[in-house]
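The structure appears right after this line, and notes come after that.
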Number of protein chains: 2
Amino acid sequence: MNVPELRSPVSPPEDDMEVARVKARVVWYYFMGGLTQQEIADRLGITRLRVNRIIGSARTDGSVRVEVSLPLAECVSLEEELKSRFGLLDAAVVPALPAHDAQQRAIGEAAGTMLGGLLEDGRSVGVGWGKTLRACIPRLPARRFSRSWVTALMGGLTRGSGANTFEVSTQLADALGADCYYLAAPIYCPTEESREALLAHPGIADVLRRARAVDAALLSCGDLSERSLLASTSTVWDMREELLGAGAVGDLLGTFIDAEGAIVDHPLNQRVVALAPDELRSIPATILASGSLYKAPVIGAILRGGYVNRVVTDEACARALLAGPAR
Amino acid sequence: MNVPELRSPVSPPEDDMEVARVKARVVWYYFMGGLTQQEIADRLGITRLRVNRIIGSARTDGSVRVEVSLPLAECVSLEEELKSRFGLLDAAVVPALPAHDAQQRAIGEAAGTMLGGLLEDGRSVGVGWGKTLRACIPRLPARRFSRSWVTALMGGLTRGSGANTFEVSTQLADALGADCYYLAAPIYCPTEESREALLAHPGIADVLRRARAVDAALLSCGDLSERSLLASTSTVWDMREELLGAGAVGDLLGTFIDAEGAIVDHPLNQRVVALAPDELRSIPATILASGSLYKAPVIGAILRGGYVNRVVTDEACARALLAGPAR
DNA sequence: TCTCTAGAAATACAAATGTATCGCAGGGCC
DNA sequence: GGCCCTGCGATACATTTGTATTTCTAGAGA
């Protein structure tokens with residue numbers, strides 16, 4: 001897919017350079033110049049197919065960014081309602097989209113814009129994980145925040161998913177030009193005792209201290225369906241029935257909560273390596289970026305629990321949230 | 001399905017509002033959501049044709065903005081060469097495009113970006129005219145610079161061209177949220193005497209004083225071919241041979257200069273209502289935004305004359321400038 | 001040297017997009 | 001009321017774009 005493109009192992013530096021030059025020119029001609037793909041191919045002496053591929057990759061890898069300046073009246077009013085209903089400092093609502101991944105990307109980009117407005121050099125950021133959060137990165141101003149740092153707020157999956165804690169935090173730190181700290185541990189320890197042992201590790205304890213002290217946190221959440229990347233790991237899936245039985249509707253930073261936002265009483269919650277939801281309340285800016293109708297229950301639970309003070313979601317989800325109980 | 005009801009061909013204001021809502025949604029779905037035009041049409045209950053037209057209009061009226069983050073190595077190096085060759089503080093070079101209007105727009109947008117980086121609340125801006133300058137407006141941050149003001153640097157054409165002095169300055173002031181001052185006079189007075197009389201007008205004298213005091217000036221220039229909007233006015237065209245005979249290669253703010261940048265000795269130059277080129281030298285930031293190969297002589301003349309300290313042009317023109325004599 | 005395979009080019013085709021044309025209806029104007 | 005003019009809907013069509021499939025090529029490894 002469009003992970004960093006690996007070149008042939010012959011002349012990496014020179015070849016890469018040339019590819020980058022062609023890409024820059026193709027993208028510019030297409031998006032800024034309005035040339036047709038065929039015209040670009042002729043002009044640059046490459047095939048149209050190649051032009052097409054380059055444009056496709058640029059669309060997804062964030063090297064081209066479109067910005068729409070027309071505010072959607074309906075979404076703006078939903079934002080206001082969300083803010084007053086759940087006592088939020090800010091809310092962003094994007095239109096509902098049929099394609100789930102496009103929806104996630106749209107929410108992520110809006111979250112990136114919101115986060116961008118809160119950042120400046122020296123501010124620290126904590127991040128969760130998920131495809132939604134990864135999508136926010138291209139939206140951030142690529143500045144050199146040399147005094148800032150980024151930290152993961154939770155342990156990682158053992159299997160790379162493209163949106164793992166480690167990947168998201170690395171990319172975010174990279175985009176900001178900031179240092180990066182990882183919670184080098186699995187999300188769930190095998191036992192409560194091993195968790196205690198891990199938390200005693202000086203490095204991990206230090207990162208958790210940092211996590212508690214961030215100026216801004218960017219979070220997502222998961223439900224308990226097979227659509228959730230976390231819920232579909234065997235660790236969680238095996239306990240799914242138990243969790244549902246205990247009233248869980250989904251997770252926030254790996255901790256499962258019920259419909260009211262209360263942390264459910266279940267052993268899994270004793271094995272989480274992450275910032276606890278309650279600890280979020282002392283962070284100045286906390287952004288929950290998540291959408292799609294099926295996640296409305298979890299999002300509602302988080303908002304009612306008062307764990308975050310900002311939310312980014314989609315239109316359909318916003319309506320569902322407003323149809324449910326208030327905080 | 002969320003189909004907003006839109007059937008009220010009665011009241012214009014309400015109707016306009018509805019149109020704007022539909023437009024915002026169409027544009028968002030297309031550019032941010034990646035839906036197809038047909039999908040959008042179905043979803044919103046309008047025809048694909050309408051969707052297509054709305055998208056077309058959004059593309060040109062600046063309500064959608066694409067930004068490419070890949071720098072073009074060739075253009076960057078041309079920028080550096082221009083800066084050192086002509087002693088400029090900054091230079092921007094965009095790739096050459098076959099379509100002339102697309103080229104102008106691209107240059108204008110780059111100029112807008114450059115100007116945007118120089119502005120802050122309280123700074124004042126002077127502008128010339130032309131399609132290139134008009135294109136820079138969508139690129140400016142739409143902020144509320146309530147302490148800033150914008151002023152025209154030259155008189156206007158009597159016929160609206162969409163890029164007249166009045167139009168460009170109005171739109172620029174509008175985008176910045178700043179006050180606007182017009183040089184309410186024709187570019188060329190009928191006689192030198194009538195010019196003197198006009199300049200004695202308190203309002204006009206005041207605006208000219210303001211023009212001399214701006215913090216930043218955004219300028220374009222014209223050659224003496226029929227392509228130039230100014231040269232093709234009857235006033236100038238009638239004198240074209242004389243001007244060419246006097247060595248003129250084009251105009252800067254309505255004043256005709258020769259290949260070395262010297263103001264040519266011609267009566268028309270005594271009838272101009274505009275800031276004089278020499279007066280530009282005392283303005284802190286002066287941006288010349290102009291391109292296309294055929295304008296290289298004029299642009300070169302202006303750079304050699306040292307009238308501006310920043311330039312925005314296209315690749316082909318930049319190469320031509322660098323092939324010519326230095327300052 | 002041969003084969004195997006990944007990647008690029010060529011080809012082909014289906015979908016999406018942009019544009020021209022025609023006819024109709026509403027609104028402004030006389 | 002009649003008339004013109006604008007703008008939209010419908011249709012049709014040419015162009016552009018995206019993608020699947022096949023073919024070709026060159027390099028890696030046996």
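Note on naming: letters A, B, ... go to the chains in the order of the sequence lines (proteins, then strands), and numbering restarts at 1 for each one. Bear in mind the structure is a predicted one, so any value in this text is a computation, not a measurement.
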For atom CZ of B:Arg50 and atom P of D:dA10, their distance in whole Å: 11 Å
A:Ser57 side chain vs A:Ile54 backbone, donor-acceptor pair below 3.5 Å: yes
Compare side-chain N and O positions of A:Thr36 against OP1 and OP2 of D:dT15 and report whether any pair is under 4.0 Å apart. no
Decide yes or no for B:His100 and B:Arg227: does some side-chain heavy atom of the first lie under 4.5 Å from some side-chain heavy atom of the second? no
Output the rounded distance in Å from CD1 (B:Ile54) to P (C:dT17). 14 Å
Would you kindly give the CD-to-P distance between B:Gln38 and C:dT17, to the nearest whole Å? 9 Å
Counting heavy atoms not belonging to B:Arg65, are there more than 12 under 6.0 Å from its CZ? yes
Step-by-step side-chain contact (heavy atoms from CB on, under 4.5 Å) determination, B:Val94 to A:Met32: CA-CA 10 Å; B:Val94 303; A:Met32 309 295 276; over 6 Å; no
Separation of D:dT17 P from A:Asp42 CG (nearest whole Å): 12 Å
B:Thr47 side chain to B:Arg50 main-chain N or O, any donor-acceptor pair under 3.5 Å? yes
Donor-acceptor pair, side chain of B:Thr132 and main chain of B:Gln104, under 3.5 angstrom: no
Residue set satisfying side chain to side chain donor-acceptor pair (under 3.5 Å) with B:Glu81, at least two apart, ordered chain then number -> none
Round to a whole Å and report the spacing from CD1 of A:Ile40 to P of D:dG18. 11 Å
Report all interatomic pairs (protein N or O, nucleotide N or O of nucleotides 23-25 of chain C) with separations under 3.5 Å.
none

Tabulate atom names and distances for all N/O pairs under 3.5 angstrom spanning the protein and nucleotides 18-20 of chain C.
from: C:dG18; atom 1: OP1; to: B:Arg59; atom 2: NH1; distance (Å): 3.1
from: C:dG18; atom 1: OP2; to: B:Gln37; atom 2: NE2; distance (Å): 2.5
from: C:dG18; atom 1: OP2; to: B:Asn52; atom 2: ND2; distance (Å): 3.2
from: C:dG18; atom 1: O6; to: B:Arg48; atom 2: NH2; distance (Å): 3.0

So, taking the atom named CG in A:Leu140 and the one named CG in A:Asp174, what distance separates them when rounded to the nearest 0.5 Å? 11.5 Å
note: B:Phe31, atom CZ; C:dT17, atom P; distance rounded to Å ~ 10 Å
